[in-house]
Structures are given as structure tokens and as C-alpha cells.
Asks: 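One structure coming up, written as C-alpha cells, with questions to follow.
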Amino acid sequence: MIDISVSGVVKEFEVGKKILDGLTFQVDTGERVGLLGPNGCGKTTLLRILTGVVHPDEGDVVIAPGRRVGLISQIPVYPADCTVEDVLDTAFEPLHRLEEELSQLSQRMADGESDSALLSRYDRLSAAFQSGGGYETDTSKNKVCNGLSIPPAMRERLFDKLSGGEKTRVNLARLILEDTDILLLDEPTNHLDLRATEWLEEYLEKFKGTVLAVSHDRYFLDKVVRRVVEIQEGRAEFYSGNYSFYAVEKERRYEEKLRQYEKEQAKIQQLEKAAEQLRIWAYSGNDKIFKRAQSMEKRIERIRQTDKPKKDRKMSVRFGEREFRGDEVLSIKGLEKSFGERKLFADVNLEVEGGERIALLGDNGTGKSTLIKILMGEEEPDAGKLRKGPTVKVGYLPQIIHFDHPERNLVDTMLYDLDCTAQTARDRLAAFKFRGEDVFKPVSALSGGEQSRLRLCMLMDSKINLLILDEPTNHLDIQSREWIEEAVEEYEGNLLFVSHDRYFIDRFATRIWMLEDGKITDFKGTYQEYQAARERGKLAGRDGPGAPSVKNAPPEKKDKPKRPGGTKNLEKEVNAAERAVAAAEERMYDLEQAIQEASADYLKLQELYQQREALEDELAHLYTVWEGLAADLEEARG
């Protein structure tokens, strides 16, 4: 059954600039689909069209009858005196109505009414109330609130007084409690910490409805979605896998299109040369040769219809680096900080040496950004000492970007802050994808992500050897996140960063500082090693500073059973495995050709993608068998 059908949708907000241009796709019941594309490609517009907030200029959008749709980013307006608890209770309005009617029926029966219709209705409503979870509403509410970090104190506050991120969390909790059939998720992890994000992922794994998610969180996409629809120039491209599959397949398609384009260009050059020669011969009066030249030129025009595939330019810049002398980068002793009666952390003792890359993790509100501000001198600790090495120079990207003169345009901001020439300012801005008229915009007109990019542009000109980043990938699309990662990859100095982006953490952290319950657990190892150690319970009671890394014990080596028949049978098995792999590769080639030919037939593509997925699994198994047999043969030959 099809839950969402989008056919030929066109939408433009400026005349002649179509943000969606014939967009067509469908989502079946129970599917988990990721909606990808660069910022501004129309993803949020599409979600607003699906909920009826925006109407398309052309095309049709159909939601399956009777299916309830919930959009995470769309926060309803509630009365001014409405508390968070009241908002959460709106999820149970149908049950509350049932409960009220049951109470009325019960009162009538207590007053002596006993006709069969009354008793029958009471039984039906009672069964519906029980099956709908009427007796478990408080349990469900507490479970969801605990998972999404909505504490009891927050549930008593007025909804209007919450921050944007807190409202998003409450609205997400309400939609989950409503048991919506179709969930439209617009950046659902933007205002969630790691624990709440992981809880949401577990919930979506068990969720029986349909999910259409817009997200820049690559870990989230990998865990949640099973198919990707990418919006490119207003139209849909389909990928039958999660984000990791999409990233590899997108690059493969680009390379394939580029090879096809280059092949066609070579053919065009060859034909143009031949056509030119034919025209020279035709001047001698031979009409047949002239017609052949015309025919060849028409053929060239047909070949020219293939455009060169486009690929976004990468920003080729890097952080300026200052030579570091000495081992001591940062020393923290007995650090303590409270706000009123609330103690964020106490007795923090940490040492940072040259070359370390540290991720500072913890739930929202535990004090990560406060600790960073103390390190930067923006906050004073209540107790303790902090000392930086004498040759340490810090570069800092805060979570909330602030410019002293937001009324200045981008070029003037660069000129005043970096004391450079106008041409240098334009070149550096261009390297960060600020081009053309954009450089004359006032800084105040930039989005949050653009302001982060501008601050990084200015930061990279500094000579630094300790880089501190507070949520560096917030508000950035996937392409911009990948660019920042490339810049950080090239940076060889010390790195300390706060992030909820597990992809970023996993790529860079060689040491974890986990801030929870007012203490910092210091783990020397990668994020995956930290997660594995935590699951094994190795970190219990290890909240003190300087905790050593917990490494996985190497598995015991078991002797392989010897095969009868020496190497001759093994050689036959290896040859058979090679033939099986070769046959499967040929089938894969034929299947890829069929996919290219059916690019405009969505239903056929779905069938072919399923066949390819099955064949990929088969190929992976065949390769594993072949490699295992080849290793055994090599070992047997000694």
C-alpha cells in the first residue's frame, strides 16, 4: 500500500526559479526513507506541502486515506497558560473523551439504568479504552519524557517560555505519544543530545508506521533509513540503501556519467574531424559526400544532448598552524563551577599533551559549553586552576556566533578583522563559497550555518595550535560538514571539541571526556572503543581523572581443522569459487545496464534495485568464501 504519492510537483517562490520541478516519488507503508539534498533544494518546502501548509503550483500529492501525519518541525500554537504537561496530554484527547463517556455511563448504571444497549456500549468503550492504552498513559508519558530528556521540572513550565529546542523536544514527545501513522522528521536530532538521539533511533526501529526523514546526521540516517530520495535540481534521484550506500553509489554514478560524457566528447571530436574532411571533399561537387557530411553533423548534435555531470566544488582551505614547543598544552586542577544551588562539575583534574584530539561529551545542560567558556576565559570558575602551555595559541569557534559589527558586509568584516587587502578578502571568501553579490550582504542577513562558515573563514587565517570547536557542525548541511571534516583532518595541532555529531566524533576523537553527574570520565581511546567499554560495564566506578584506555582483549587464536585431500581439492574449490564470483559480476553488470535503461520507470527501478540488493549480498558471500579458500590454500602450500 502506498502511504505518500508525489507526482509532478512544481513549486516556485520567485518567477522563473523553480525550487521543485516535476518532483515524483512514492513511499510505501512502513518504509523508512531519507530525503536528502543541499540546503535550499526544497526539502522543507516538500514537507510543508505534504502537511497542507503550502500548496504546489502544479502536480498532485496524495496521502493514503485515514493515515495520520505528524511533522516534527511544525510546532502548534497553544494557549498562553498551557504547560508542557498540558501539551503532552493533548496526545491522549481521544482516550480522555472515552474516559469521560465511560464515567457518564457508569454513573447512569449506578443510578439504576440497566437496558442492554447501555451495557453493550459500556463494554465496547471499556474494551476500546483498554486496548488504546488508557490505563497506561502515565507510564507511556514518563517513558517518552525520560528518553527525550524532559525532566519533571520542565513538564511543569509554561510551554510558551521554552526555548526553540525544548519546544521541538516536547512536540516530538507529543507526536510519539499520539502514535502517528506517518512521521515526517525535519532535522529531528538538531536539538537532541546523544542519549536522546539514540533513544529516538531505538523508538523508530520499533515504530510500525512510515518515516520520511530530512536530516544532516549521517549516523542517524544510517541507522534509521532504508532508502534515499535525493532532490537534485527539483527532481528526485533514488538510492536503495542507507546513507553509507548513498554516498558510495552517488560517487559511482558520477564517475560513470563522467566516463560516458568523456567517451561521447572523444566521439564528437572524431566525427567533427571526419565531417570537416567530408565538407572539403564535397566542394569538388560530389553531392553524396555533402549529404554524408550533413548526416554526420546531425549525429554530432544528437550526441551533444548529454550534459557534463556536475559536482559541487570543494572548499580547498586549511587552518593556519603554529609550531608547538613542549609537551604541556593544558593543565586543569580542582576545577569547580556552580550556578546558584546547581553544581555543574567539581574536582576536575585533567592534563592535555601535544597531538591529542579530545571530544567533550555529555547530555544537554551538564555544563560542556560552560567548561569551554572557562577555558576561553569567558567564565570564571568557582574554584581550581587552569594553565595553558607558554607556546599555546587557541582558535575558538563558539556554538552561538557573535560579530561585533553585524551591519558590515562580508568584505568589510574581513578587511577590519584580518587587516588584509580587498582582493585577499574576496579570494578567501570565494574559497569558503561566498561569491558574487553574496560578499556584499550584511553579516546580520546570513543564516546560522553561513555565519559559522564566515567565522571559520576568519579563524583559518590565524596561526593556532589548539583548536576548540563548540558544536561545529550545527546548522550545516552534509556537504558543509564534510568540508569542515576535511579541514580538521589536515590540521595537525591539538583539538578539543563539543559535538553531538557521532560521525564527526568517530572520525576525530582519540580521547573522550564524558561529563555526567558533575564529574568527567577521562577515556583514552576512540568513540567506538568508549562505547564498547561502556557496554561491557568497564567504565563503572572509573569517573576519576586520567582513567586509562580500555582496549578489547585480542581473541584467542584457534587452530583451523585440517582438510583432507591436500592442496588438490583446495585448488579445485578456489577455482570454483572464482568462477562463481565472475558469473555473479557479469550478472551485476547486466543489472546495472538495466537500471540505467529504466531510469524513468519508478516501479521497474524498485524491482531492479531489490534484485541488485540481493545480488550484492550474494556477491559479498561469494567473495568471503573465495578469500577464505584462497587463504587456506596459501597456508596449505606453506
Asks: Test side-chain contact (heavy atoms from CB on, under 4.5 Å) on Lys441 and Phe434; report intermediate values, then the result.
Replies: CA-CA 10 Å; Lys441 283 182 182 176; Phe434 292 113; over 6 Å; no

Asks: Quick check: closest heavy atoms across Ile505 and Ala359, and the distance to 0.1 Å?
Replies: CG2-CB, 4.1 Å

Asks: Heavy atoms, side chains only, cut-off 4.5 Å: are Glu166 and Phe159 in contact?
Replies: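 SC-SC contact between Glu166 and Phe159 ruled out.
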
Asks: Under 3.5 Å, side chain of Arg32 to main-chain N/O of Leu204, donor-acceptor pair present?
Replies: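 A pair under 3.5 Å: yes.
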
Asks: Any donor-acceptor pair under 3.5 Å linking the side chain of Asp186 with the backbone of Leu71?
Replies: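 Absent.
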
Asks: For the atom pair OG1 (Thr473) and CD1 (Ile478), what is the distance rounded to the nearest 0.5 Å?
Replies: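 Answer for the OG1-CD1 pair, Thr473 versus Ile478, is 11.0 Å.
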
Asks: Given side-chain contact (heavy atoms from CB on, under 4.5 Å), test Met376 with Val394 step by step and report yes or no.
Replies: CA-CA 8 Å; Met376 293 304 303; Val394 180; 3.6 Å; yes

Asks: Could you tell me whether Lys223 sits above the aromatic face of Tyr219, with NZ or CZ closer than 6.0 angstrom to the six-membered ring centre and within 45 degrees of the axis?
Replies: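 Ring-cation test returns no.
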
Asks: Please say whether more than 12 non-hydrogen atoms of neighbouring residues, nucleotides or ligands are located less than 6.0 Å from CZ in Phe13.
Replies: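 Correct, the count exceeds 12.
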
Asks: How close do Ala173 and Ile150 get, counting heavy atoms only, and between which atoms?
Replies: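 Between these two residues, the closest heavy atoms are CB-CD1, 3.9 Å.
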
Asks: Looking only at atom types and distance, does a side-chain atom of Asp522 sit under 3.5 Å from a main-chain N or O of Trp513, one as donor and one as acceptor?
Replies: no

Asks: Would you say Ile49 and Leu20 make side-chain contact, with heavy atoms under 4.5 Å?
Replies: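 With C-beta onward as the side chain, the pair touches.
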
Asks: Would you call Leu429 and Leu454 a side-chain contact if the rule is heavy atoms closer than 4.5 Å?
Replies: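 In short, these two side chains touch, coming nearer than 4.5 Å.
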
Asks: Got a second to check how far Lys519's NZ is from Asn349's CG, nearest 0.5 Å?
Replies: 12.0 Å

Asks: Carefully, step by step, assess Val144 and Tyr203 under the rule side-chain contact (heavy atoms from CB on, under 4.5 Å).
Replies: CA-CA 9 Å; Val144 171; Tyr203 169 79; over 6 Å; no

Asks: Look only at the side chain of Lys343 and the backbone of Gly518, and say whether a donor-acceptor pair between them is shorter than 3.5 Å.
Replies: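 Not at all, since once roles are kept as given, no pair shorter than 3.5 Å links the two residues.
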
Asks: Got Met458 and Met414 here, is their nearest side-chain heavy-atom distance under 4.5 Å?
Replies: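 A side-chain contact exists here, since the closest heavy-atom pair is under 4.5 Å.
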
Asks: Any side-chain heavy-atom pair from Leu200 and Phe220 closer than 4.5 angstrom?
Replies: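 They are in side-chain contact.
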
Asks: Would you say the side chain of Glu351 lies within less than 4.5 Å of the side chain of Ser331, judging by non-hydrogen atoms?
Replies: yes

Asks: Closest approach of Val170 and Leu88, non-hydrogen atoms and distance?
Replies: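 Nearest pair, atom of Val170 first, then Leu88: O-CD2, 3.9 Å.
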
Asks: Under the 3.5 angstrom rule, does the side chain of Arg455 hit a backbone N or O of Ile401 as a donor-acceptor pair?
Replies: no

Asks: Identify the heavy atoms of Asp89 and Lys141 that sit nearest to each other, and give their distance.
Replies: OD1-NZ, 2.6 Å

Asks: Is the cationic atom of Arg218 (NZ for Lys, CZ for Arg) positioned less than 6.0 Å from the six-membered ring centroid of Tyr503 and within 45 degrees of its normal?
Replies: yes

Asks: So for atom CZ, which belongs to Arg195, do other residues, nucleotides or ligands contribute more than 12 heavy atoms lying within a distance under 6.0 Å?
Replies: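 For Arg195, atom CZ is not crowded (no more than 12 foreign heavy atoms under 6.0 Å).
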
Asks: Taking everything shown except Glu233 itself, do over 12 heavy atoms lie less than 6.0 Å from its CD?
Replies: no

Asks: Between Lys368 and Leu361, which heavy-atom pair has the shortest distance, and what is it?
Replies: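 The pair with the smallest heavy-atom distance is CD-C, 3.5 Å.
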
Asks: Within a strict 4.5 Å, meaning less than it, do heavy atoms of the Val488 and Arg357 side chains meet?
Replies: yes

Asks: Are more than 12 heavy atoms, taken from residues, nucleotides or ligands other than Gln531, located less than 6.0 Å from that residue's CD atom?
Replies: yes

Asks: Using side-chain contact (heavy atoms from CB on, under 4.5 Å) as the criterion, point out the one residue from Val392, Leu495, Val352 that pairs with Leu466.
Replies: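 Of Val392, Leu495, Val352, side-chain contact (heavy atoms from CB on, under 4.5 Å) with Leu466 is met by Val392 alone.
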
Asks: Give, for atom NE2 of His405 and atom OH of Tyr416, the distance between the pair rounded to the nearest 0.5 Å.
Replies: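 Between His405 NE2 and Tyr416 OH, I get 8.5 Å after rounding to 0.5 Å.
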
Asks: Using a 3.5 Å distance criterion without hydrogens, assess whether the side chain of Lys388 forms a donor-acceptor pair with backbone atoms of Lys393.
Replies: no

Asks: Do the side-chain N and O atoms of Asp217 and His500 include a donor-acceptor pair separated by under 3.5 angstrom?
Replies: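 Distance-only check fails for Asp217 and His500.
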
Asks: Would you check if the side chain of Arg174 reaches a backbone N or O of Val87 as a donor-acceptor pair within less than 3.5 Å?
Replies: no

Asks: To the nearest 0.5 Å, tell me how far Arg387 CZ sits from Ile332 CD1.
Replies: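 So the CZ of Arg387 and the CD1 of Ile332 are separated by 11.0 Å.
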
Asks: Out of curiosity, Leu496 CG to Leu330 CG, how far, rounded to the nearest 0.5 Å?
Replies: 8.0 Å

Asks: Side chain to side chain donor-acceptor pair (under 3.5 Å) between Thr83 and Asp86: does it pass, once the steps are laid out?
Replies: CA-CA 5 Å; Thr83 66; Asp86 295 333; 3.1 Å; yes

Asks: Would Ile512 and Arg534 count as a side-chain contact (heavy atoms from CB on, under 4.5 Å) here? Give the steps.
Replies: CA-CA 12 Å; Ile512 306 292; Arg534 190 160 188 142; over 6 Å; no

Asks: Taking all non-hydrogen atoms of both residues, which atom of Lys337 and which atom of Glu380 are closest, and how far apart?
Replies: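 Nearest heavy atoms, Lys337 then Glu380: NZ-O, 2.8 Å.
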
Asks: Report yes or no: does Asp470 contribute a side-chain atom to a donor-acceptor pair with the main-chain N or O of Val498 at less than 3.5 Å?
Replies: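 Judged by distance alone, no pair lies under 3.5 Å.
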
Asks: May I ask you to decide if the ring planes of Tyr527 and Tyr530 are parallel, tilted or perpendicular, using 30° and 60° as cut-offs?
Replies: parallel

Asks: In Å, rounded to the nearest 0.5 Å, how long is the span from CG of Leu192 to CD of Glu187?
Replies: 11.0 Å

Asks: Would Lys250 count as a cation-pi partner of Tyr254, with NZ or CZ less than 6.0 Å from the six-membered ring centre and within 45° of the ring normal?
Replies: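 Geometry flag: not set, cation outside 6.0 Å or 45°.
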
Asks: Short question: side chain of Thr180, backbone of Leu175 - any donor-acceptor pair under 3.5 Å?
Replies: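 Indeed, once roles are kept as given, a pair shorter than 3.5 Å links the two residues.
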
Asks: Checking the side chain of Glu516 only, and the main-chain atoms of Thr366 only, is there a donor and an acceptor separated by less than 3.5 Å?
Replies: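 A pair under 3.5 Å: no.
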
Asks: Under a 4.5 Å cut-off applied to non-hydrogen side-chain atoms, are Leu446 and Leu410 in contact?
Replies: yes

Asks: When you measure from the centre of the six-membered ring of Tyr239, is the NZ or CZ of Arg253 under 6.0 Å away and within 45° of the axis?
Replies: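 Relative to the ring axis of Tyr239, which defines the angle, Arg253 lies inside both limits.
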
